[in-house]
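Proteins come first, then strands; the chains are lettered A, B, ... in the order of their sequence lines, and each starts at number 1.
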There are 2 protein chains.
Amino acid sequence: MRVGGYPMDTGYGETMREPLPADLFDELCPSSLNPIRFGDKWAALIIRCLEDGPRRFSELRVPLSRVTPKVLTQSLRALERDGLVIRAVRPEAARHVEYELTALGRSLLEPMAAACAWTAQHWDQLLEAREAHDDAARLDRAG
Amino acid sequence: MRVGGYPMDTGYGETMREPLPADLFDELCPSSLNPIRFGDKWAALIIRCLEDGPRRFSELRVPLSRVTPKVLTQSLRALERDGLVIRAVRPEAARHVEYELTALGRSLLEPMAAACAWTAQHWDQLLEAREAHDDAARLDRAG
DNA sequence: CAGAATCCGTGGGGATACTG
DNA sequence: CAGTATCCCCACGGATTCTG
């Protein structure tokens with residue numbers, strides 16, 4: 001029923017207001033574990049974090065605590081490059097950088113929700129298939 | 001409007017009866033060029049080839065001519081492992097192997113179509129964003 | 001705080017050649 | 001025909017350290 005807590009929630013757009021979760025890794029799988037993937041390994045999780053509005057780099061680092069700053073920057077830059085995310089430097093305080101979804105980025109939320117719903121629905125089947133297949137392989141090797 | 005001919009057709013399920021296209025690479029992008037991806041680099045194209053029914057390894061090699069046999073085998077094995085594809089060896093003739101979508105694999109077609117529709121719809125925007133971003137970066141380096 | 005720089009290991013993906 | 005078997009490369013992701 002779960003892998004690191006996944007899936008608990010497929011409702012992109014409905015849930016998660018304001019405070020970001022402590023660790024998104026435990027709530028959602030990184031996309032590399034998912035047959036349906038969005039961009040690079042962390043793109044889906046990043047987009048999800050930006051769903052409710054702009055977030056600062058340091059804010060993103062909390063739910064994405066397992067992502068090193070370098071990789072997080074790389075992913076954000078890639079999203080920016082594709083016009084899915086905007087990076088805004090606010091001169092107010094010292095070094096205040098915010099990331100925000102563009103309209104294009106927002107439009108991704110819908111197919112993303114569909115894909116996540118699919119995964120949530122079929123997660124058990126996927127796990128079962130994998131296990132069965134791995135077991136068969138193990139037996140094969142053994143005898 | 002196109003990159004290697006993409007997108008020309010987003011209708012998974014509606015188009016492409018019987019004869020497989022000569023080169024799917026020119027008709028669809030490998031998923032690494034796509035913000036929405038399915039499995040590994042070639043999974044989406046493979047699934048698409050299996051949409052209309054079982055296909056033999058050699059049949060798949062035609063539209064996927066740019067995929068080396070090793071990589072094609074790897075991808076197929078991964079899909080099999082996740083229960084999305086079934087590999088069947090038919091003892092009729094010598095070495096007759098067919099790949100076929102499972103029910104689980106078939107159920108992927110729907111969110112896949114949604115994702116592909118998104119990409120087709122926003123492809124121009126994506127390209128534009130990339131180009132604009134790359135141009136800006138070039139100017140930045142120059143001056 | 002928001003990264004940049006550096007170093008590094010792994011492996012995904014490709015080319016080529018070979019086989020039952 | 002349906003793959004293996006090798007070899008190779010570099011891009012991805014991670015750890016750590018440094019900086020304006």
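Checking the phosphate oxygens (OP1, OP2) of dC1(C), no side-chain nitrogen or oxygen of R56(A) falls inside 4.0 Å. Of the side-chain N and O atoms in R90(A), none sit less than 4.0 angstrom from OP1 or OP2 of dA2(C). Between R87(A) and dA2(C) there is no side-chain polar atom (N or O) within less than 4.0 angstrom of OP1 or OP2.
Residue F57(A) contributes atom CZ, which lies 18 Å from atom P of dG20(D) at whole-angstrom precision. At whole-Å resolution of the value, CG in L76(A) and P in dG3(C) are 8 Å apart. Rounded to whole Å, the distance from CZ on R77(B) to P on dA2(D) is 12 Å. Atoms CG (L72(B)) and P (dG12(C)) sit 16 Å apart, rounded to a whole Å. Atom C1' of nucleotide dG3(C) and atom CD of E98(A) are separated by 16 Å, given to the nearest angstrom. The nearest whole Å value for the distance from the NE2 atom in H96(B) to the C1' atom in dA2(D) is 11 Å. One can place CD of Q74(A) at 13 Å from P of dG3(C), the figure rounded to the nearest angstrom. Atom CG in D40(B) sits about 16 Å away from atom P in dG11(C), given to the nearest Å.
Atom CG of L50(B) is separated from atom CD of E98(B) by 10.0 Å, given to the nearest 0.5 angstrom. Atom CZ in R106(B) sits 10.5 Å away from atom CD1 in I47(B) (nearest 0.5 Å). Between the CG atom of L64(B) and the CD atom of E59(B) there is a distance of 11.5 Å, given to the nearest 0.5 Å.
For the pair V85(B)/T102(B), no side-chain contact is recorded, criterion being any heavy-atom separation below 4.5 Å from C-beta on.
H122(B) pairs in a side-chain contact (heavy atoms from CB on, under 4.5 Å) with only one of the listed residues (D82(A), L104(A), L84(A)), which is L104(A).
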Residue pair E128(B), E131(B): steps toward the side chain to side chain contact (heavy atoms under 4.5 Å, CB included) verdict: CA-CA 5 Å; E128(B) 208 175 314; E131(B) 276 165 26; 5.8 Å; no
Derivation of the side chain to side chain contact (heavy atoms under 4.5 Å, CB included) call for L76(B) and L60(B): CA-CA 10 Å; L76(B) 283 166; L60(B) 293 176; 4.1 Å; yes
Base versus backbone protein contacts along nucleotides 14-20 of chain C [heavy-atom cut-off under 4.0 Å; B, S, -]: BB----B
